[in-house]
Chemist: 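Below is one structure. I have some questions about it.
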Amino acid sequence: MEQTNTNFIHEIIDEDLASGAVDHVHTRFPPEPNGYLHIGSAKAIWINHSTARKYGGEFNLRYDDTNPVKENDEFVRAIYEDICWLGAKPDHVFYGSDYFGICYEQAVKLIKKGLAYVCDLSADEMREYRGTLTEPGRESPYRNRSVEENLDLFERMKNGEFPDGSRTLRAKIDMASPNINLRDPAIYRILHKTHHRQGDKWCIYPLYDFAHPIQDAVEGITHSLCSIEFENHRPLYDWVVEHMDIPNKPKQREFARLNVTYTVMSKRYLRDMVESGLVDGWDDPRMPTLCGLRRRGYTPESIIEFVKRAGVSKAYSVVDAGLLEYCIREELNRTAPRRIAVLDPIKVEITNYPDGKTEYFTQNNNTEDPNAGTREVPFTKNLYIEREDFALDPPPKFFRLKKGGEVRLMGAYIIRCDDVVLNENGEIERLLCSADLETRNNNPADGRKIKGTIHWLSAETAVRGAARLYDRLFTLENVADIPEDKGYRDYLNPNSLKVCENCFFEPSLASAKPGDRFQFVRLGYFCADTKYPGSFNRIVTLRDSYAKGK
RNA sequence: UGGGAUGUCGCCAAGUCGGCAAGGCACGGGACUUUGACUCCCGCAUCCGCAGGUUCGAGUCCUGCCAUCCCAGCCA
């Protein structure tokens with residue numbers, strides 16, 4: 001990944017470096033292993049990783065695994081895999097839960113300093129005492145327990161003497177603060193639950209606001225870059241950092257998270273869609289997860305490029321999915337081999353072409369890349385063309401095949417449609433065409449211009465297969481099955497997935513390996529699916545100007 | 001309605017000490033074209049949430065409004 005552009009985060013760091021506040025840069029990406037990474041995560045990964053690289057610093061992956069009820073090892077593995085795939089292999093991998101001992105020690109020190117206390121209020125009571133946005137909170141009756149009592153109670157919490165929810169450890173800050181996060185936030189809770197990594201070692205768990213700054217401090221993080229909804233937590237983050245006896249004092253800085261049009265970015269909803277069976281799994285090609293995008297055929301480079309182009313600021317924004325599509329087209333136009341596929345075939349018979357004859361036509365593997373070479377494609381009397389490339393009743397400016405009209409078979413002859421054979425239902429059975437055999441490698445001698453060029457396949461050699469067409473990124477089907485109160489319902493598109501079961505491909509595509517990407521000429525960019533052999537996912541269409549009548 | 005943050009072209013986003021609005025996507029027009037793709041030209045904010053003020057001059061300073069987002073988990 002190249003680091004050319006800067007942003008306001010880098011300006012902040014430049015100032016810190018210039019003022020001597022720090023002499024190096026160390027960042028981290030701290031996902032909670034409670035789901036798979038998505039394209040929104042890619043922004044956070046890129047910002048933290050590229051910032052570290054730009055300043056020659058280090059980049060940690062740290063699992064923020066302080067809540068055992070939502071986390072598991074499957075997510076831990078998947079996150080590492082996806083972050084590496086993106087090209088942001090971390091210099092170090094840590095687990096927040098490995099610092100539970102340190103968190104505990106720091107909590108004890110806080111108690112000794114009179115800055116934390118054990119509170120016996122229930123969750124409901126605590127909420128009541130907390131006040132509201134406009135009214136200050138009230139102090140807990142347990143707020144002024146003695147240090148000795150707090151120490152004793154906290155130790156007994158740790159030893160498992162109390163049931164879940166019966167007590168918390170709270171930071172003693174200010175119940176009247178206009179910032180609700182500062183109204184004596186709970187920093188430890190009792191939870192008798194097996195942790196995916198720590199097992200049953202602990203029955204008290206530190207909350208995010210307490211654990212996170214400690215994790216950052218312990219790892220030597222200089223800049224803790226996170227999304228903007230944590231801005232309200234910064235005073236608390238600083239409070240914790242201030243009162244820990246850890247020399248490193250990391251700074252939290254915030255940026256706006258990534259939103260993309262038509263895209264559900266909430267991990268909760270994504271999990272819901274997976275668990276309800278609405279999608280194939282976390283790697284369903286319609287999902288905005290990194291593994292979903294990967295299976296769909298997106299490259300890590302295109303995703304990083306998208307994130308970079310979308311930019312970094314603090315303003316709420318929704319980036320047009322068209323930008324992501326642009327990024328993958330731009331890359332694949334340069335790199336993807338061209339192949340021919342006919343998704344919805346219609347038979348064409350070249351009436352003036354000999355039975356049993358086969359000639360080979362040379363096709364460019366990639367017109368954008370002279371080094372990509374060429375390949376030989378067989379031509380025979382019977383062909384398939386795309387049903388859409390013929391019109392019985394052509395609209396204005398229809399440059400493709402019509403009765404009595406001519407069209408160029410790409411890389412081969414110009415043909416004229418002489419007759420249309422219909423079946424008993426009045427549907428097109430096949431087209432009877434004649435080829436201008438003089439036009440193999442050149443234009444007509446009489447100077448007539450043939451505006452349209454279409455792709456074709458020899459019916460004798462084409463191989464059958466399937467293609468899965470996704471209409472727009474991340475849109476899903478079966479809207480009617482989804483309750484109206486689901487937050488992701490508005491993002492769903494009932495026509496999002498079309499499976500073409502009766503496609504034909506160039507013979508060479510039969511040996512495509514899962515993950516191989518191609519441009520199917522005139523149809524779009526496709527990727528051989530990793531789950532269904534012989535089927536191709538459409539990553540994105542080509543820009544389509546005949547839809548606009550140009 | 002308390003606090004915090006943000007508001008520059010349809011969507012993102014640059015805009016140093018105030019000096020007279022980058023770029024990308026999208027879109028429109030044209031050239032080229034054996035992918036109506038690609039590529040290449042050209043166009044696309046007299047205006048910077050609104051209203052005042054300061055100034056020779058303000059997107060950039062001041063004042064006051066307005067709008068949107070975040071915060072009342074023993075989630076992160």
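Just so you know, these numbers use all the heavy atoms, side chains as well, and skip hydrogens, waters and symmetry mates. Protein chains get the first letters and strands the later ones, always in sequence-line order, with residue 1 at the start of each.
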Chemist: If you measure from the P atom in B/C69 to the same atom in B/U8, how many Å do you get, rounded?
Modeler: 15 Å

Chemist: At under 4.0 Å between heavy atoms, what does A/T168 touch on the DNA or RNA strands: base, sugar-phosphate, or nothing?
Modeler: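 A/T168: base contact, heavy atoms under 4.0 Å.
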
Chemist: Between A/D98 and A/R197, does any side-chain N to carboxylate O distance fall below 4.0 Å?
Modeler: yes

Chemist: Heavy atoms under 4.0 Å, any strand shown: does A/R440 hit a base, just sugar-phosphate, or nothing?
Modeler: base

Chemist: Would you measure the distance from the C1' atom in B/U60 across to the matching atom in B/U68 and give it in whole Å?
Modeler: 22 Å

Chemist: Using the C1' atom on both, measure B/C65 against B/C20 and round to a whole Å.
Modeler: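 These two C1' atoms come out 27 Å apart once rounded.
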
Chemist: Just the rounded figure in Å: distance from C1' of B/C12 to CD1 of A/I39.
Modeler: 14 Å

Chemist: B/C74 phosphate, OP1 or OP2: any side-chain N/O from A/R167 under 4.0 angstrom?
Modeler: no

Chemist: May I have the distance from A/R183 (atom CZ) to B/G73 (atom C1'), rounded to whole angstrom?
Modeler: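 Value for this atom pair: 15 Å.
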
Chemist: Answer with base, sugar-phosphate or nothing: what part of the nucleic acid does A/Y205 contact at a heavy-atom distance below 4.0 Å?
Modeler: nothing

Chemist: For A/I187, which contact category applies under a 4.0 Å heavy-atom criterion: base, sugar-phosphate, or nothing?
Modeler: nothing

Chemist: What integer distance in Å separates A/L236:CG from B/A76:P?
Modeler: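 Nearest whole value for this atom pair: 12 Å.
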
Chemist: Taking A/E406 first and then A/R416, would you say they form a salt bridge - that is, a charged N and a carboxylate O separated by under 4.0 Å?
Modeler: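 Yes, A/E406 and A/R416 are salt-bridged.
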
Chemist: Taking syn as any angle within 90 degrees of 0 and anti as the rest, which one fits B/G73?
Modeler: syn

Chemist: Assess whether side chain to side chain donor-acceptor pair (under 3.5 Å) is satisfied between A/R375 and A/S508, documenting all intermediate values.
Modeler: CA-CA 10 Å; A/R375 66 190 191 287; A/S508 66; 5.1 Å; no

Chemist: Given B/A76, B/A5, B/A72, which nucleotide is nearest the side-chain atoms of A/R130?
Modeler: B/A72

Chemist: Examine B/A13: is either OP1 or OP2 under 4.0 Å from a nitrogen or oxygen in the side chain of A/S313? Give yes or no.
Modeler: yes

Chemist: Does A/Y413 reach a base, just sugar-phosphate, or nothing at all? Heavy atoms under 4.0 Å.
Modeler: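 Contact class for A/Y413: none.
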
Chemist: Measure centre to centre between the rings of A/F526 and A/F518, then say whether the value is under 6.0 Å.
Modeler: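 So the answer is no for these two rings.
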
Chemist: Contact class for A/N232 vs. all strands (heavy atom < 4.0 Å): base, sugar-phosphate, or nothing?
Modeler: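 Base contact.
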
Chemist: Just checking A/L133: base, sugar-phosphate only, or nothing, at a heavy-atom cut-off of under 4.0 Å?
Modeler: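 Base, at least one base heavy atom under 4.0 Å.
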
Chemist: Classify the nucleic acid contact of A/V318 as base, sugar-phosphate or nothing, counting any heavy atom under 4.0 Å across all strands shown.
Modeler: sugar-phosphate

Chemist: Give a yes/no on whether any side-chain N or O of A/Y316 is located under 4.0 angstrom from OP1 or OP2 of B/U68.
Modeler: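 For A/Y316, the contact criterion (side-chain N or O under 4.0 Å from OP1 or OP2 of B/U68) is not met.
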
Chemist: Between A/E219 and A/R28, is there a salt bridge with N-O shorter than 4.0 Å?
Modeler: no

Chemist: Rounding to a whole Å, what distance do you find between A/M175:CE and B/G3:P?
Modeler: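 Taking atom P of B/G3 as the reference, CE of A/M175 is at 18 Å.
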
Chemist: Rounding to the closest angstrom, what is the interatomic distance between B/A37 and B/A5 at atom C1'?
Modeler: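 Roughly 44 Å separates the two C1' atoms.
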
Chemist: With a 4.0 Å cutoff (strictly under), does any side-chain N or O of A/T66 reach OP1 or OP2 of B/A76?
Modeler: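 Yes.
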
Chemist: Can you confirm whether or not the ring centre of A/Y63 sits under 6.0 Å from the ring centre of A/F75?
Modeler: no

Chemist: Rounded to whole angstrom, note down the P distance from B/A45 over to B/G4.
Modeler: 37 Å

Chemist: At 4.0 Å (heavy atoms only), tell me whether A/Q519 reaches a base, stays on the sugar-phosphate, or touches nothing.
Modeler: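 A/Q519: base contact, heavy atoms under 4.0 Å.
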
Chemist: Could you measure between the two C1' atoms, the one in B/A58 and the one in B/U46, and give it in whole Å?
Modeler: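 These two C1' atoms come out 15 Å apart once rounded.
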
Chemist: From CG of A/L258 over to C1' of B/A13, roughly how many Å is that when rounded to an integer?
Modeler: 14 Å

Chemist: Have a look at A/E11 and say if it touches a base, only the backbone sugar-phosphate, or nothing, with a 4.0 Å heavy-atom cut-off.
Modeler: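 Sugar-phosphate: the residue A/E11, judged by heavy atoms under 4.0 Å, touches backbone atoms but no base.
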
Chemist: In whole Å, what separates the C1' atom of B/C17 from that of B/C11?
Modeler: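 Each nucleotide's C1' atom is 33 Å from the other's.
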
Chemist: When all nucleic acid strands are considered with a 4.0 Å heavy-atom cut-off, which category describes A/N442: base, sugar-phosphate, or nothing?
Modeler: base

Chemist: Please check if the distance between the ring centroids of A/F399 and A/Y546 is under 6.0 Å.
Modeler: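 Aromatic pair excluded; centres sit 6.0 Å or further apart.
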
Chemist: Quickly work out the A/N7 CG to B/C12 C1' distance and round it to whole Å.
Modeler: 14 Å

Chemist: Can you tell me, in whole Å, how much space there is between the P of B/C62 and that of B/G7?
Modeler: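 It works out to 15 Å between them.
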
Chemist: Using whole Å, report how far CZ of A/F255 lies from P of B/G4.
Modeler: 23 Å

Chemist: Could you tell me the separation between the CG atom of A/D320 and the P atom of B/C9, rounded to a whole number of Å?
Modeler: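 Taking atom P of B/C9 as the reference, CG of A/D320 is at 15 Å.
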
Chemist: Applying a 4.0 Å non-hydrogen cut-off, can you work out what A/H233 is touching in the nucleic acid: base, sugar-phosphate, or nothing?
Modeler: base

